[in-house]
Amino acid sequence: MKKNFDRCLEMLLHHEGGFTADKFDPGNDGDGYGNQGSTNMGVTAKVYAAFTGQPAPIEVMQKLTVADVAPIYKQNYWDRVRADDLPSGVDWAVFDWQVNSGNRSAKALQRNVGAKADGAVGPMTLQAVANHDPEDIIRNMHSSRDTFYRSLKLFDRYGRGWTRRNDETLEAALQMLGKG
């Protein structure tokens with residue numbers, strides 16, 4: 001829902017944590033300018049460089065603030081899945097997974113409501129969402145996300161954190177819906 005972005009961003013930043021430069025993280029592949037990959041508050045150097053049009057060396061990445069990353073999360077993830085138009089709780093479940101795994105969450109939402117799984121959340125997807133129980137959508141998103149994580153080759157390294165995050169997202173989404 002439109003009123004939920006700030007609350008969801010706060011929960012997201014809790015999940016994402018602070019600065020890292022994990023060489024094993026497949027999403028952490030540099031900024032496109034030849035700089036070593038790094039991440040701060042979940043924003044990779046590559047994403048930050050693309051959003052700002054400027055290189056994102058480690059020194060820049062280490063100094064990012066919430067004010068620096070909030071517009072990236074709003075434009076690149078929240079708005080892309082039309083979270084303002086999703087039911088409370090569903091918005092959080094879709095947004096958190098969208099940040100963590102890209103457009104996969106939009107497609108999972110579409111599959112879960114019987115819409116064409118093209119990753120472009122539009123009027124037809126929103127109508128399909130409106131025709132489904134939000135609690136069922138949230139629980140199905142959780143299940144789909146768990147299945148996806150368990151299929152990844154890096155599950156042994158990151159799986160415990162991924163599944164914890166997914167479980168926390170489910171719990172918070174249900175609370176937002178008034179079911180938790």
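No hydrogens, no waters, no symmetry mates; every other heavy atom, side chains included, goes into these values. Source: prediction; values computed, not measured.
- A distance of 11.0 Å separates CZ in F19 from CE in M41, rounded to the nearest 0.5 Å.
- Shortest non-hydrogen contact noted between A120 and T125 is O-OG1, 4.0 Å.
- Under the 3.5 Å distance criterion, the side-chain polar atoms of N4 are left unmatched by any main-chain donor or acceptor of S88.
- Between M141 and S105 the shortest side-chain heavy-atom distance falls below 4.5 Å.
- In this structure, D167 CG and T163 OG1 are separated by 6.0 Å, a value rounded to the nearest 0.5 Å.
- Contact between S101 and F148 at its shortest, heavy atoms only, is OG-CE2, 3.5 Å.
- In this model, no donor atom of one side chain and acceptor atom of the other lie less than 3.5 Å apart for N140 and H132.
- For the atom pair NZ (K107) and CG (N112), the distance works out to 14.5 Å, reported to the nearest 0.5 Å.
- Within the 4.5 Å cutoff, the side chain of Q175 has no heavy atoms near those of the K179 side chain.
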Derivation of the side-chain contact (heavy atoms from CB on, under 4.5 Å) call for T39 and V43 = CA-CA 5 Å; T39 302; V43 174; 5.7 Å; no
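- No donor-acceptor contact under 3.5 angstrom links the side chains of N40 and Q62, judged on distance only.
- Two residues are said to be in side-chain contact when any heavy atoms from C-beta on lie closer than 4.5 Å; Y158 and Y149 fail this criterion.
- Each of V121, V94, D85, V113 was checked for a side chain to side chain contact (heavy atoms under 4.5 Å, CB included) with V129, and the lone residue meeting it is V113.
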Might you work through the side-chain contact (heavy atoms from CB on, under 4.5 Å) test for N100 and R145, ending with a clear yes or no?
-> CA-CA 10 Å; N100 190 236; R145 190 173 180 179; 3.7 Å; yes
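- A salt bridge does not link D136 to R139: none of the charged side-chain nitrogens sits closer than 4.0 Å to a carboxylate oxygen.
- I138 and G89 get closest at one heavy-atom pair: CD1-C, 3.6 Å.
- In this structure, E168 pairs ionically with R164, as a charged nitrogen and a carboxylate oxygen lie closer than 4.0 Å.
- A distance of 4.0 Å separates CE in M176 from SG in C8, rounded to the nearest 0.5 Å.
- Neither side chain, D146 nor N166, offers a donor N or O lying under 3.5 Å from an acceptor on the other.
- Between the side chains of D84 and W78, at least one donor N or O sits under 3.5 Å from an acceptor N or O.
- Residues N103 and Q98 are in side-chain contact: their nearest non-hydrogen atoms beyond the backbone lie under 4.5 Å apart.
- The distance from atom CD1 of I137 to atom CG of L109, rounded to the nearest 0.5 Å, is 6.5 Å.
- Shown here for W97 and A108, the closest heavy-atom pair between the two residues is CZ3-CB, 3.3 Å.
- Listed for the Q110 side chain is a donor-acceptor partner under 3.5 Å among the backbone atoms of D118.
- Under a 3.5 Å cut-off, the side chain of T65 and the backbone N or O of D68 do form a donor-acceptor pair.
- Nearest heavy atoms, M11 versus A172: SD-CB, 3.8 Å.
- Closest of all the heavy-atom pairs between F5 and A70 is CZ-O, 3.7 Å.
- Looking only at side-chain heavy atoms (C-beta outward), W162 and R150 stay at 4.5 Å or farther from each other.
- Residues V66 and L64 share a single hydrophobic cluster, defined by chaining ILVMFWY side chains whose heavy atoms lie under 4.5 Å apart.
- The six-membered or imidazole ring of W92 lies near that of H15, with a centre-to-centre distance under 6.0 Å.
- Remark: the Y77 side chain and the D96 side chain contain no N/O donor-acceptor pair separated by less than 3.5 Å.
- With rounding to the nearest 0.5 Å, the separation of CD in E16 from CZ in R165 is 4.0 Å.
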